[in-house]
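Below: the structure, in structure tokens.
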Protein chains: 2
Amino acid sequence: MSNKKKTTLKDIANILEISTAAVSKALQDDSRISSKTKEAVKKVAKDLNYQPNHLASALRKGKSNLVGVIVPRTNSNFFSSVVQNMEEVLNKAGYNIIITQSNESYKKECDSIDTLLFTQVDGIIASMANETTDLDYYEKIKSRGIPLILFDRGENDLNVDYIGIDDYASSHMIVEHLVEQGCKRIAHIGGYQRTRIFNNRIRGYKDAIEKHGLPLDSELLLESSLTQEDGRIKMEQLLALKTRPDAVYIAGDYAALGALQVLKENAIDVPNEIALVGFGNEPFTAMVSPPITSIEQHSAEIGRLAAQTFLEHVSSPDIKQSLNKKILDAELIVRDSSNKKAFLN
Amino acid sequence: MSNKKKTTLKDIANILEISTAAVSKALQDDSRISSKTKEAVKKVAKDLNYQPNHLASALRKGKSNLVGVIVPRTNSNFFSSVVQNMEEVLNKAGYNIIITQSNESYKKECDSIDTLLFTQVDGIIASMANETTDLDYYEKIKSRGIPLILFDRGENDLNVDYIGIDDYASSHMIVEHLVEQGCKRIAHIGGYQRTRIFNNRIRGYKDAIEKHGLPLDSELLLESSLTQEDGRIKMEQLLALKTRPDAVYIAGDYAALGALQVLKENAIDVPNEIALVGFGNEPFTAMVSPPITSIEQHSAEIGRLAAQTFLEHVSSPDIKQSLNKKILDAELIVRDSSNKKAFLN
DNA sequence: TATATTTGTTTAATCGATTAAGCAAAGATA
DNA sequence: TATCTTTGCTTAATCGATTAAACAAATATA
């Protein structure tokens, strides 16, 4: 039953006995086409349910109106929210997006880049996988001359636009908050040092600790993949120390969750015995007990800004790929896992 | 610095002073091209970093090798896992996927369908938005003659391939489990009746309740959007009843979470006073306290099967869009929220 | 030797939309 | 009336890859 063959400009042209050029222009409301013809064309187009062939027009125009998005994973609220807001802005500007996930794998990320370039996207907005250290594939995007915008997980060396929060300052906020709570031995389970954002958090942690004259003990600073499981492992390590910390700041919410589970299993009073702070403000931080203090990264804003940055690039193609950083302020959401005062009242 | 203009077949042809046709065939290992020419072509292609223009080849071949995927949202573990496994299977078969999210909105879903058709995808794999009742847009996909496969949220009337779990039987498993726990007044916060899967869960609930000779009280059966917030609201309604239920089965984990929060706020003993069961086995069900009993839907398997079903369609185009249902068995994951026995020991 | 087959390649059409250039007819200007 | 503009459309080239058809040269077959 299905009308297999799609309607093309030619079909419309044949019916009206005019050229395909006229039809094309009529549909684009070209000023050189009479309104009579335009109406006729539009009517027939509607009747035949004409849908332009995107491949043909993209090929001809050298522009696909597609933007590729690479995220480490979609099942995190942060990335999902970034993407959603990005999409909203881009849709309004006539762009559609293609989402791909790297699953934190370097290989998968390279494949994603290939797929997107292959699909002839007009630009790529990406957040890098944890594993990624080799930037060749990103250089490939740059060398193709299409806009590349990074967010959250970026990389200075690439020298491209970047949107993210101030990780260094966020660490300061967290340490300051914990100090206010009376904590004196603050541990940090950080991400990979090689990743820019995690490195900034580590630097922020160290500087803030020193600033407050607290001990900067190397056994209190651990490097982690920040998965839930690794959060468990690293927390167990901290509990095994001769002198346990009285606060733990963890650079990711999932790892913080694993850590919290270990604390509960060990019947440790959170926050009074050990206070806990995560990072990312994933919804579950508010759901577990005790709810976990965390950092809100303004995902919606990051998504919108990334999209706008892309649009700026395409609207003025002369702008070179330049290091144009947009750094947002983060927000500390204090919850019971670090709020000793709430328990004193 | 960037080498703006991409290498085309023509560039290679010019260098080797052969026709583009020869180049094209050489790259495809056509048997009629001498191995000498093939080698030369491949060498030059590599040197010039040739990347075929997908738009051109898709236009010519009438096949984009792209599969569109529509999910209500990506930030649920279920959908994210489905998509990931789907992608794996499709990638191996030379297909790439384009993910779009409907955010449970009918309008957004229609836009997604338009985007995907516009991008000339070779097929669409979708799970319908909660809001969707009008099937016109899905009929549009069918009428275009491209394969459509639904999973999880499907619709009988569309008469297309469907992959999902046995919702009716799942409800039976849940009710049976609660009866075993000694529950006698089991409530159900279900999804929208109009949605096939939720309707099946409701039917399963009713039938199982009757089978065990329990009261099928209308005030114990509520219809919900199954958001976390609505879970709270509906649980409050149940608590306000003259005779409270001693078990609540909720057709979605997010709503179950909201309900659990209300129960905890009201200092109700879960599971002894009221037992709780969710649906979907989202990771947080294991994380909260008490952990929530839930149904595992085998997302990985669903993803793989959906992909395979698509591949079957394209490999034998004569197969009409037919009602080919693949129903998987679900699995009940019993956790503390409904496990009274664990507390007796 | 004459004919058939295989091999290796080129020519040219094609996918569908876009657009520069061309051109005829109508209208405006002098 | 003669010339210039504007209007409204057509022609034809183009984007880049693919492929049917054609063809020459080499090889096989009779």
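Numbers restart at 1 for each chain; the letters A, B, ... are given by sequence-line order, proteins then strands. Bear in mind the structure is a predicted one, so any value in this text is a computation, not a measurement.
Between B:Lys25 atom NZ and C:dT10 atom P the separation is 10 Å, expressed in whole Å. Rounded to an integer number of Å, the gap from A:Asp30 CG to C:dT19 P is 10 Å. If you measure from atom CZ of B:Arg32 to atom P of C:dT9, you get 11 Å, rounded to the nearest angstrom. The distance from atom CD1 of B:Ile33 to atom P of C:dT6 is 18 Å, rounded to the nearest whole Å.
The outermost nucleotides of DNA chain D lying under 4.0 Å from heavy atoms of chain B, listed 5' to 3', are D:dG16 to D:dA21.
For the residue pair A:Ser102/A:Ser105, the side-chain donor-acceptor check at 3.5 Å is not satisfied. Side-chain atoms of A:Asn96 and B:Thr115 include a donor-acceptor pair closer than 3.5 Å. Looking at A:Gln28 and A:Ser24, their side chains do bring a donor and an acceptor atom within 3.5 Å of each other.
Judged as a ring pair (Phe, Tyr, Trp, His ring centres under 6.0 Å), the pairs with a partner in residues 41-76 of chain B (not counting sequence neighbours) are, in order, A:Phe118-B:His54.
The side chain of B:Thr37 places an N or O atom within less than 4.0 Å of a non-bridging phosphate oxygen (OP1 or OP2) of C:dT9. One finds no side-chain N or O of B:Ser34 lying less than 4.0 angstrom from the OP1 or OP2 phosphate oxygen of C:dT7.
For the helix from C:dT1-D:dA30 to C:dA30-D:dT1, the terminal axes (five pairs an end, C1' atoms, rotation from four pairs onto the next four) enclose an angle of 50°, given to 10 degrees.
Within residues 50-66 of chain A, the residues that place at least one heavy atom under 4.0 Å from DNA chain D are, in residue-number order, A:Leu59, A:Arg60.
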Working for side chain to side chain contact (heavy atoms under 4.5 Å, CB included), residues A:Asn53 and A:Lys6: CA-CA 9 Å; A:Asn53 185 322; A:Lys6 298 156 208 154; 5.9 Å; no
Candidate pair A:Glu312 and A:Lys326, rule salt bridge (charged side-chain N to carboxylate O under 4.0 Å, His left out), full reasoning: CA-CA 14 Å; A:Glu312 281 164 23; A:Lys326 292 182 189 166; 3.8 Å; yes
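Look at A:Asp29 and A:Lys38 and you find a salt bridge, because one of the NZ, NE, NH1 or NH2 atoms lies within 4.0 Å of a carboxylate O, short of that distance. Salt-bridge check for A:Lys140 with A:Asp114: passed, with a basic side-chain N closer than 4.0 Å to an acidic carboxylate O.
Remark on DNA chain C: of its neighbouring residues B:Ser19 and A:Thr20, the 5'-side contact belongs to B:Ser19, judged by nearest-heavy-atom nucleotide.
Among residues two or more places apart in sequence or in another chain, the side-chain hydrogen bond (donor to acceptor under 3.5 Å, both in side chains) test is passed with B:Gln120 by none. Looking at residues two or more places apart in sequence or on another chain, you find a side-chain contact (heavy atoms from CB on, under 4.5 Å) between A:Lys25 and A:Asp30, A:Ile33.
Scanning all heavy atoms of the two residues, the minimum distance from B:Glu109 to B:Ile70 falls at CG-CG2, 4.4 Å.
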